[in-house]
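Each remark here refers to the structure printed beneath this line.
Just so it is clear, the values below take in all heavy atoms, side chains as well, and ignore hydrogens, waters and symmetry mates. Lettering of chains follows the sequences in order, A, B, ..., and the numbering in each one begins at 1.
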Amino acid sequence: MTMALIHDPAYGLAVYDTTLPAYDPGPLANPTAYPNVVKFHSALQYPAIKTTATYSASLPALTGTVSNGWLVGNYHSGRITLGQHGQADVPIIKAMLIGFDGADRPLQGTFITDVGAGSTEAARFFRCIDIGISGADVILTWRAIVGANVGASTQAYAARSLSIKVWVFDWTISGSPTLYDPNKPLLELSSSRVQVGRGMFDTSRSYVRSDTGSENTILTQGATTFVNGTETNAAAPTWGWRQSVDGHTKQGQLGGSDVAAFERIELP
Amino acid sequence: MTLSFSGGNLILTGNSGEKLLDTSEGLFHATNFATDTVDGVVTFSSATATTTYSGGLQLRSLVERTTDTAVKNVESSATHCLGFMKVSWSGSSSPNGDIWFDASGTSVDTFDSQCTIDPRPSGGFLSGLENSRTYMTAIGLHTFYISGGQLRCKERLILRASTANSTVTSWSTTRPQATIQYRILCGFFL
């Protein structure tokens with residue numbers, strides 16, 4: 001393997017393997033056509049973290065009540081404003097629950113916090129949270145159906161205190177930030193900083209990195225919640241739900257064995 | 001600052017020993033910010049499940065479907081996506097229709113549990129309350145993912161209406177048409 005560090009004012013700075021195929025300046029001019037050859041290119045767009053914040057929230061306790069001998073199950077929902085993201089437009093965010101069920105849990109899509117307490121029947125219900133943006137606010141929404149158990153007196157979800165870390169990206173719903181500045185250097189190295197491509201890449205920013213040895217969260221690929229079985233015309237449903245992400249598993253009737261795919265990443 | 005090569009990778013280290021750049025690490029870069037015009041939109045049609053009590057039998061029309069839709073062509077090398085999604089239901093107020101949710105992973109669009117006691121008990125209907133729910137009878141899932149150079153959106157939907165009886169002979173449950181606005185950033189780790 002021969003690695004080249006090439007700097008061309010027309011294209012930027014690139015690091016790439018020049019032996020696969022034989023030496024070819026193509027990766028410098030067209031890096032996206034050589035994904036298996038290019039290691040770094042200053043003209044590519046690397047989303048970066050702009051701000052981070054940690055918020056506290058509390059999910060309320062929920063209790064189902066008995067009425068006329070039957071437990072009345074109800075749908076509950078609510079939202080909690082965590083704080084303001086501080087950006088001019090809706091930013092991309094990633095979030096993580098800190099110290100939830102014994103570990104830090106990435107919030108990737110809807111996150112199921114609890115199944116119903118008690119018997120197997122009650123375990124078929126869940127409480128879940130989602131995180132998103134509304135205007136200037138970072139919002140946590142929660143939804144639940146209180147578990148039901150025939151003949152029981154009550155079923156309940158306890159209140160839960162949450163600590164949520166939120167990373168706010170420099171990319172917003174309007175697109176990428178304007179980074180290119182012709183007045184900035186094409187390549188500048190200092191004792192603690194590298195700037196490349198006239199503002200396009202700057203080591204003072206925090207990028208999304210994998211294989212660092214210090215990964216602290218994940219980026220999922222595809223589904224995190226699954227359905228198994230099929231709905232038939234039987235008296236009792238013959239399908240079940242399951243959520244399993246990096247060791248955090250919640251499931252109802254039937255369950256299954258599906259797990260989410262992901263890449264471990266390091267965020268600041 | 002030091003510049004070194006190790007195993008074919010470039011490493012830049014600051015004067016304090018901090019690693020500034022190491023090309024052996026994966027660095028997520030964006031290949032596509034998938035929007036069609038101002039907003040990208042994908043829709044999933046409405047669905048209704050019913051139960052009718054007739055001749056002592058539960059006659060059920062169930063909903064179980066999987067819809068996997070190609071949304072947009074993206075760079076063939078893209079593997080991961082992150083961004084925004086907003087779900088609204090036609091003809092009804094979506095409780096969180098003003099929120100742009102994180103589009104990673106699976107979004108649970110809807111879930112419910114209806115009475116599955118077969119048949120539904122006849123005594124003690126209290127005004128405004130339903131009898132007990134003992135199973136999850138509905139769930140709707142939406143997942144954005146990348147496959148074969150395409151950004152795709154997959155819906156998994158199951159609906160089952162409450163059981164009926166001689167007093168209330170018919171129940172139905174409907175998931176309206178779901179419209180998902182999205183802005184998805186696609187990319188891969190270089």
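Options Thr2(B), Thr31(B), Thr66(B), Thr79(B) differ in how many heavy-atom pairs under 4.5 Å they form with chain A, and the most are formed by Thr79(B). Of the residues considered (Gly14(B), Ala30(B), Gly26(B)), Gly26(B) shows the highest number of contacts with chain A, using heavy-atom pairs under 4.5 Å. Chain B forms the most heavy-atom pairs under 4.5 Å with one residue out of Val38(A), Val227(A), Ile112(A), and that residue is Val227(A). Chain B forms the most heavy-atom pairs under 4.5 Å with one residue out of Gly132(A), Gly213(A), Ser204(A), Pro31(A), and that residue is Gly132(A). Here Ile131(A) is the residue among Ile265(A), Ile131(A), Val245(A), Val194(A) with the most heavy-atom pairs under 4.5 Å with chain B. In terms of heavy-atom pairs under 4.5 angstrom with chain B, the leader among His41(A), Glu266(A), Glu263(A) is Glu263(A). Contact count versus chain A (heavy atoms, under 4.5 Å) is highest, among Ser76(B), Gly105(B), Ser24(B), Gly83(B), for Gly105(B). Ranked by heavy-atom pairs shorter than 4.5 Å toward chain B, the options Thr141(A), Val90(A), Thr110(A), Ile139(A) are led by Thr110(A). Listed options Asp211(A), Thr220(A), Ile92(A) were ranked by heavy-atom pairs under 4.5 angstrom with chain B; first place goes to Ile92(A). For the set Leu159(B), Thr137(B), Asn96(B), the count of heavy-atom pairs under 4.5 angstrom toward chain A peaks at Asn96(B). Heavy-atom pairs under 4.5 Å with chain A were tallied for Glu25(B), Glu18(B), Met85(B); the largest tally goes to Glu25(B). The greatest number of non-hydrogen atom pairs below 4.5 Å with chain A, out of Leu20(B), Leu10(B), Ile146(B), is found for Leu20(B).
With a 4.5 angstrom heavy-atom cutoff, Leu12(B) touches chain A only via side-chain atoms. If you measure heavy-atom distances from Ser107(B) to chain A, the contacts under 4.5 Å come from both the backbone and the side chain. Contact of Asp109(B) with chain A is made through the backbone alone, with heavy-atom distances under 4.5 Å. Neither the backbone nor the side chain of Ala49(B) comes within less than 4.5 Å of any heavy atom in chain A. Contacts between Phe169(A) and chain B at a heavy-atom distance below 4.5 Å involve the side chain alone, from C-beta outward. Neither the backbone nor the side chain of Ala48(A) comes within less than 4.5 Å of any heavy atom of chain B. Looking at Ile99(B), both its backbone and its side chain come within 4.5 Å of chain A, counting heavy atoms on both sides. Contacts between Ala223(A) and chain B at a heavy-atom distance below 4.5 Å involve backbone atoms as well as side-chain atoms. Both the backbone and the side chain of Phe111(B) come within less than 4.5 Å of a heavy atom in chain A. There is no contact between Ser214(A) and chain B, counting heavy-atom distances below 4.5 Å. For Leu27(B), the parts lying under 4.5 angstrom from a heavy atom of chain A are both the backbone and the side chain. Contact of Thr143(B) with chain A is made through the side chain alone, with heavy-atom distances under 4.5 Å. Residue contact with chain A, scored on non-hydrogen atoms closer than 4.5 Å, involves the side chain of Leu3(B) exclusively.
Arg193(A) has no carboxylate O lying under 4.0 Å from a charged side-chain N of Glu188(A), or vice versa, which leaves the two without a salt bridge. Taking a cutoff of 4.0 Å between a charged side-chain nitrogen and a carboxylate oxygen, Arg79(A) and Asp137(A) do not qualify as a salt bridge.
The CZ atom of Phe40(A) sits 9.5 Å away from the OG1 atom of Thr23(B) when rounded to the nearest 0.5 Å. Separation of atoms OH (Tyr75(A)) and OG1 (Thr110(B)) is listed at 7.0 Å; rounding is to 0.5 Å. Atom OG in Ser104(B) sits 11.0 Å away from atom CD in Gln221(A) (nearest 0.5 Å).
For Tyr182(B) and Phe144(B), the distance between ring centers is under 6.0 angstrom.
Judged purely by distance below 3.5 Å, without hydrogens or angles, the side chains of Gln150(B) and Arg152(B) pair a donor atom with an acceptor atom. Side-chain polar atoms of Gln108(A) and Thr224(A) form no donor-acceptor pair below 3.5 angstrom. Side chains of Ser172(B) and Thr50(B): a donor-acceptor N/O pair is absent below 3.5 angstrom, by distance only.
For the pair Val41(B)/Thr43(B), a side-chain contact is recorded, criterion being any heavy-atom separation below 4.5 Å from C-beta on. Side-chain contact between Glu64(B) and Arg156(B) is present, with at least one heavy-atom pair separated by less than 4.5 Å.
Here the shortest heavy-atom pairing between Ser244(A) and Val259(A) reads OG-CG1, 3.5 Å.
Checked against side-chain hydrogen bond (donor to acceptor under 3.5 Å, both in side chains), Arg143(A) has the following partners two or more places apart in sequence or in another chain: Asp130(A).
Of the residues Tyr145(B), Phe188(B), Phe189(B), the one that meets the ring-ring contact (aromatic ring centres under 6.0 Å, His included) test with His80(B) is Phe189(B).
Applying the ring pair (Phe, Tyr, Trp, His ring centres under 6.0 Å) test to every pair with at least one member in residues 41-70 of chain B, sequence neighbours left out, gives these pairs: Phe44(B)-His142(B).
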